[in-house]
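So the structure is just underneath, and the comments pick up after that.
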Number of protein chains: 2
Amino acid sequence: MATINDVATMAGVSTATVSRALNGVASVDPELCARVVSAAKELGYQPNGPARNLRRQETAVLGLIISDVANPFFTAIARGVEDVAQAVGYSVVLCNTDEDAAKERRYLDVAIQERVAGVIMSPTDSASNADVLREHGIPVVAVDRPLAGSDRVLVDTRMAAEQATKHLLDQGYRRIGCVAGPSGVQTADDRLAGYADALVAAGVEHEPRLVRHAEYRGAGAHGATLALRQQPDPPDALLIANSSLAIGALEACHELGLRPGKDIGLVAFDDVPWAKLLDPPLTVVAQPAYDIGAVATQLLLARIGDNSKPPSTTTLNATLIERASSRRG
Amino acid sequence: MATINDVATMAGVSTATVSRALNGVASVDPELCARVVSAAKELGYQPNGPARNLRRQETAVLGLIISDVANPFFTAIARGVEDVAQAVGYSVVLCNTDEDAAKERRYLDVAIQERVAGVIMSPTDSASNADVLREHGIPVVAVDRPLAGSDRVLVDTRMAAEQATKHLLDQGYRRIGCVAGPSGVQTADDRLAGYADALVAAGVEHEPRLVRHAEYRGAGAHGATLALRQQPDPPDALLIANSSLAIGALEACHELGLRPGKDIGLVAFDDVPWAKLLDPPLTVVAQPAYDIGAVATQLLLARIGDNSKPPSTTTLNATLIERASSRRG
DNA sequence: TTGTATGCGTTATCAC
DNA sequence: GTGATAACGCATACAA
């Protein structure tokens, strides 16, 4: 592969001039610059990234560490990150943790070794691995879930859950259940808390038997929903904590012959493209995922320039999109 | 940040010994090895990736270049790639082209500059940018779409489309239309060809007016479906070329009051988790996306070892999953 | 404005 | 088995 030396030889200049010409240093003679550019093109020269990064002691790479690439919420965040990063010449490395702290730890080590300029992550837990990044001076921004000591971009998910629950109450539902995410995951806990807030505010008893936890990924929600409905005085409505859980819950409702918006009120987190295709269409809490990614990236880029400011918290709002699954019917 | 030198000093050995100890070279005195490991841990030492890559003239990074992270088909491929790569110590860098050849080109340049060990890509077009990779000696494996001169892992999508169309014919549908992807995209053309094959084989006239093209992403399928149905003698069934298009087509059917499996037969490519939630459930052509990624990665890893063999083609089979949207009446 | 020379942190070669 | 040392390709301080 052609090196800066080959280009210098072909252009009849020194490597220093090649470096300056290709990096747009102003003080290079236009004539020489042209020779360098043409030689570089002819040789198909591509600068050696590792060498450049070693010399510069920095890279133009951001790490994005999320728990599930198959979750539309996170892919939307990824698009926001990518668009902003791309615009200023940064590349994005996407990593999957599968909600596994060990895997997360391995990826963080890779990020450190590759000397990425910064990391955007949705931490698996709050007592997080992320300290190692700070020990190595790498800026971090947390998305979706808080991370002590870092900038965070969050959604007021507790309030959103409260509003969604209140919406169900307003529709006339009385025994509202919740298919919650795994306890310990901050967003899951927050949504559950918001759910409880709404019940308390309405003077409705908060019955633990109406709540079931399930893994964010996988089939747990199906069983959880069946279990909720198999008890005496079953819930007449459900708040569902994300779109993966919604799939399982909807399957279960279908098997039980429960028509959403008629036999059971349903609201789920995350607006997915297929929500409006269902019969009846699914009421959702739409999170501004793309914006989360975009804002987080701007914060991270700012920190790459100057990491001295105290951590900030940005809270974006979710929107309840009322469709027919939460009507009462 | 601690360097190999710091570790060497603290352990009272040379940098060469540190390097050997940390890289598991057998001939290191266990006693020294222990001192090195403990010093490294104490200092929080993480090897400098760029320096290592520069010296080794190779990286343990694979590039994965796809057109849309939000498309479940590609995220499933990504998981397959990641699982296999991860198992042998490679990292995966995921890049989005948005079906944009210029963006693809930029990412390929980045891949070359970073000296990735290999690239897995679904090329935007067959006269592709990918030549630059080969010019630089970087192995490539194409997924989903063929790429001249490279290993490819494909689905027999033409035959799958033929089978799906035949299935609709067998159900008694007679004027079968097609919501196709953008012409020029290989998979779109193949699916269209398979659709035509089935019509020819059944002695049914292939009417171009029953075919509409739409972008793989976005709302084009909605308009295409409306247009198809707004003509005299409209199609009584539709083959839909992917899951994004399916969303638009389903919306249009709903607006027109057409019940799938009753007023109109529907088959779409890609089995998505929500297909069975629809009423009626959607008949789909399930592509083995995870396997595509896994197989492609194995091929790529083999080529990283030895890139001398002639290009191979691996063809995986798709499966028609019959659900109610393709029944008749 | 241009060239020379040095060092980034690591691994591998070569002596010992 | 271990240590000194050179080299990977680039960017920059300094000299010219």
Side-chain angles (χ1 to χ4, degrees), chain A residues 1-37 39-40 43-61 89 109-110 112-117 136-138, chain B residues 1-37 39-40 43-61 89 109-110 112-117 136-138:
Chain A
M1 211 168 316
T3 73
I4 198 173
N5 244 304
D6 303 325
V7 179
T9 305
M10 172 171 284
V13 298
S14 74
T15 60
T17 300
V18 174
S19 176
R20 286 188 283 248
L22 263 27
N23 288 301
V25 173
S27 68
V28 178
D29 186 298
E31 145 75 13
L32 288 190
C33 188
R35 288 210 327 250
V36 167
V37 168
L43 290 169
Y45 171 71
Q46 294 277 20
N48 184 309
R52 163 181 288 179
N53 296 334
L54 173 58
R55 171 64 227 226
R56 288 189 176 158
Q57 296 286 69
E58 67 179 22
T59 63
V61 175
D109 285 345
V110 171
I112 294 167
Q113 290 174 198
E114 296 304 322
R115 304 300 196 255
V116 298
H136 288 84
I138 299 177
Chain B
M1 208 166 321
T3 74
I4 199 172
N5 243 304
D6 303 324
V7 179
T9 305
M10 174 172 282
V13 299
S14 73
T15 61
T17 298
V18 174
S19 176
R20 284 188 285 248
L22 262 28
N23 288 300
V25 173
S27 68
V28 179
D29 186 299
E31 146 75 13
L32 289 190
C33 190
R35 286 204 336 243
V36 168
V37 168
L43 291 168
Y45 170 71
Q46 294 277 19
N48 184 309
R52 161 181 288 177
N53 296 334
L54 172 59
R55 171 64 227 220
R56 286 189 176 159
Q57 297 285 70
E58 66 179 22
T59 63
V61 176
D109 285 345
V110 170
I112 294 168
Q113 289 173 199
E114 296 303 322
R115 305 299 195 256
V116 298
H136 287 83
I138 299 178

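For clarity, every value in this text was computed on a predicted model and none was experimentally measured.
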Legend entry - Contacts of type salt bridge (charged side-chain N to carboxylate O under 4.0 Å, His left out), residue R115(A), not counting sequence neighbours: none

Inset, instruction - Just jot down the salt bridge (charged side-chain N to carboxylate O under 4.0 Å, His left out) partners of D109(B), sequence neighbours excluded, or say none. - result: R105(B)

Legend entry - Closest non-hydrogen atom pair, Y45(B) against L22(B): CE2-CD2, 3.6 Å

Legend entry - Exercise: identify the closest heavy-atom pair between A60(A) and G89(A): CB-O, 3.9 Å

In whole angstrom, what separates [X]'s [atom1] from [N]'s [atom2]?
| X | N | atom1 | atom2 | value |
| --- | --- | --- | --- | --- |
| L43(A) | dG9(D) | CG | P | 14 Å |
| Q46(A) | dG9(D) | CD | C1' | 14 Å |
| N53(A) | dC8(C) | CG | P | 16 Å |
| I112(A) | dG9(C) | CD1 | C1' | 17 Å |
| Q113(B) | dC10(D) | CD | P | 10 Å |
| R35(B) | dG1(D) | CZ | P | 16 Å |
| N48(A) | dC10(D) | CG | C1' | 8 Å |
| L54(B) | dG7(C) | CG | P | 16 Å |

Legend entry - Those residues that, when tested against R20(A), pass side-chain hydrogen bond (donor to acceptor under 3.5 Å, both in side chains) (two or more places apart): none

Inset, instruction - Describe, as an angle rounded to 10 degrees, how the axis at the first end of the helix from dT1(C)-dA16(D) to dC16(C)-dG1(D) is tilted relative to the axis at the last end, five pairs per end. - result: 40°

Inset, instruction - Give the B/S/- string for nucleotides 11-16 of chain D, one per nucleotide from 5' to 3', where a protein heavy atom under 4.0 Å of the base yields B, of only the sugar-phosphate yields S, and otherwise -. - result: BBB---

Inset, instruction - Determine, stepwise, if the pair E114(A) / N53(A) fulfils side chain to side chain contact (heavy atoms under 4.5 Å, CB included). - result: CA-CA 9 Å; E114(A) 296 304 322; N53(A) 296 334; over 6 Å; no

Legend entry - NE2 on H136(A) to CE on M1(B), rounded to 0.5 Å: 6.0 Å

Inset, instruction - Side chain of T3(A) only, please: which of dG9(D), dG3(C), dG1(D) is the nearest? - result: dG9(D)

Inset, instruction - Kindly state each residue pair satisfying salt bridge (charged side-chain N to carboxylate O under 4.0 Å, His left out) with at least one member in residues 46-57 of chain B, sequence neighbours excluded. - result: none

Inset, instruction - Output yes when at least one side-chain N/O atom of Q57(B) is less than 4.0 Å from OP1 or OP2 of dG9(D), else no. - result: yes

Let me check something: any side-chain donor-acceptor pairs from residues 5-15 of chain B under 3.5 Å, sequence neighbours excluded? List them with distances.
| residue | atom | partner | partner atom | Å |
| --- | --- | --- | --- | --- |
| D6(B) | OD2 | T3(B) | N | 2.8 |
| T9(B) | OG1 | N5(B) | O | 2.9 |
| S14(B) | OG | A16(B) | N | 3.4 |
| S14(B) | OG | T17(B) | N | 3.3 |
| S14(B) | OG | T17(B) | OG1 | 3.4 |

